[in-house]
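By convention in this document, chain letters (A, B, ...) are assigned in the order of the sequence lines, proteins followed by strands, and residues within each chain are numbered from 1.
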Amino acid sequence: MTAVDLARALIGAQLVVRGAGGIIIETEAYGRDDPASHSFRGPTARNAAMFGPAGHAYVYRSYGIHLCLNVVGRPGEAVLIRAIEPRIGLGIMQARRQGRMPLCAGPGRVAQALGISLTDNGAPFDGGQLSLVLPPAASPADIVTGTRIGISRNLHQPWRFGLAGAAGLSRPFPAAAPF
DNA sequence: ACAACGATAGCCT
DNA sequence: GGCTATCGTTGTC
């Protein structure tokens with residue numbers, strides 16, 4: 001399964017980290033030969049988890065401040081979790097966010113609300129501390145598509161995915177051009 | 001050894 | 001809507 005397929009499949013999935021989590025409503029796919037991807041220049045100490053087993057976490061620090069959580073797919077491919085709809089452990093998530101809103105819209109906010117740390121890098125989504133439950137088959141969810149956010153290379157790929165109509169997206173998806 | 005730049009969020013006007 | 005904190009990773013000298 002490609003990172004793009006995985007990114008679509010994860011919309012509607014339930015993500016829970018040590019008792020806090022919710023439904024994934026926004027993702028982005030990053031590929032192996034994708035200039036915007038951390039894996040583009042090959043394995044390094046930082047991105048090693050991206051080349052590790054599928055179904056494990058890739059956690060990295062962004063802008064020296066935030067952490068971002070990814071699900072690893074095929075080697076060198078990963079899906080960034082950009083937003084969830086909070087459902088489980090609301091109190092602990094609000095406490096971690098110190099009451100700031102939005103709670104889980106944006107990759108740094110998701111990681112903070114879930115209590116992700118760099119020690120989670122490379123950890124499996126195996127139903128233990130990290131769990132991921134895919135949505136029921138034939139999920140009726142409408143998925144909207146757009147271009148990725150905050151990158152400077154490979155800009156045009158429509159590899160950002162969201163749950164149509166969801167509140168709590170990190171940014172709106174532009175309406176399709178009415179050709 | 002050094003400089004540049006982020007897969008951002010928060011606070012300001 | 002714009003400005004800036006903040007620091008590890010990476011590419012270059």
Check whether any side-chain N or O of [X] sits under 4.0 Å from OP1 or OP2 of [N], and answer yes or no.
| X | N | value |
| --- | --- | --- |
| A:R46 | C:dG8 | no |
| A:T44 | C:dT10 | yes |
| A:R61 | C:dC7 | no |
| A:S152 | B:dG6 | yes |
| A:H38 | C:dT9 | no |
| A:R153 | B:dG6 | no |

- prompt: Out of curiosity, A:I11 CD1 to A:D142 CG, how far, rounded to the nearest 0.5 Å?
  reply: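 Spacing of CD1 (A:I11) from CG (A:D142) equals 12.0 Å.
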message: Do the side chains of A:R18 and A:D120 get close enough for a salt bridge, i.e. N-O under 4.0 angstrom?
response: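 Here A:R18 pairs with A:D120 in a salt bridge, since their nearest N and O are under 4.0 Å apart.
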- prompt: Do the charged groups of A:R148 and A:E28 touch, with an N to O distance under 4.0 Å?
  reply: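 Looking at A:R148 and A:E28, the cut-off is not met.
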field: Hphob cluster co-occupancy, A:I24 + A:L67, side-chain heavy atoms under 4.5 angstrom
entry: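 Yes, A:I24 and A:L67 fall within the same hydrophobic cluster.
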query: Name the stems that DNA chain C belongs to, where each is three or more consecutive Watson-Crick or G-U pairs with both distances under 3.5 Å?
result: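 Stem list for DNA chain C: B:1-6 with C:7-12, B:8-12 with C:1-5.
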message: I'd like to check A:D126 versus A:H56 (side-chain heavy atoms, cut-off strictly below 4.5 Å). Are they in contact?
response: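 Result no, sub-4.5 Å side-chain heavy-atom pair not found.
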Distance, rounded to the nearest Å, where [X] contributes [atom1] and [N] contributes [atom2]:
| X | N | atom1 | atom2 | value |
| --- | --- | --- | --- | --- |
| A:N47 | B:dA7 | CG | C1' | 13 Å |
| A:L67 | B:dA7 | CG | P | 14 Å |
| A:Q98 | B:dC11 | CD | P | 10 Å |
| A:L69 | B:dT8 | CG | P | 14 Å |
| A:L155 | B:dA7 | CG | P | 12 Å |
| A:Q112 | B:dA7 | CD | P | 20 Å |
| A:N70 | B:dT8 | CG | C1' | 14 Å |
| A:R109 | B:dT8 | CZ | P | 11 Å |

- prompt: Are any side-chain N or O atoms of A:S37 and backbone N or O atoms of A:G31, one a donor and one an acceptor, separated by less than 3.5 Å?
  reply: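 Indeed, once roles are kept as given, a pair shorter than 3.5 Å links the two residues.
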- request: May I ask whether A:Y63 stacks on the base of C:dA5, given the cut-offs of 5.5 Å between ring centres and 30° between planes?
  value: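 According to the criterion (under 5.5 Å, under 30°), no, A:Y63 does not stack.
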- prompt: Which residue lies toward the 5' end of DNA chain B, A:M101 or A:V79, if each is placed at its nearest nucleotide?
  reply: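 Result: A:V79.
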query: Are A:Y60 and A:H38 close enough that their ring centers fall under 6.0 Å?
result: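 Here the rings of A:H38 and A:Y60 have centres that are less than 6.0 Å from each other.
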task: May I ask you to say what A:R97 touches in the nucleic acid, namely base, sugar-phosphate or nothing, with a heavy-atom cut-off under 4.0 Å?
output: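 Sugar-phosphate: the residue A:R97, judged by heavy atoms under 4.0 Å, touches backbone atoms but no base.
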task: Identify whether any heavy atom of A:I151 sits under 4.0 Å from a base atom; if not, whether one sits that close to sugar-phosphate; answer base, sugar-phosphate or nothing.
output: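 It contacts sugar-phosphate atoms only.
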Non-neighbouring partners of A:F173 that pass ring-ring contact (aromatic ring centres under 6.0 Å, His included), sequence neighbours left out: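 Counting only residues at least two positions away or on another chain, A:F173 forms no ring-ring contact (aromatic ring centres under 6.0 Å, His included).
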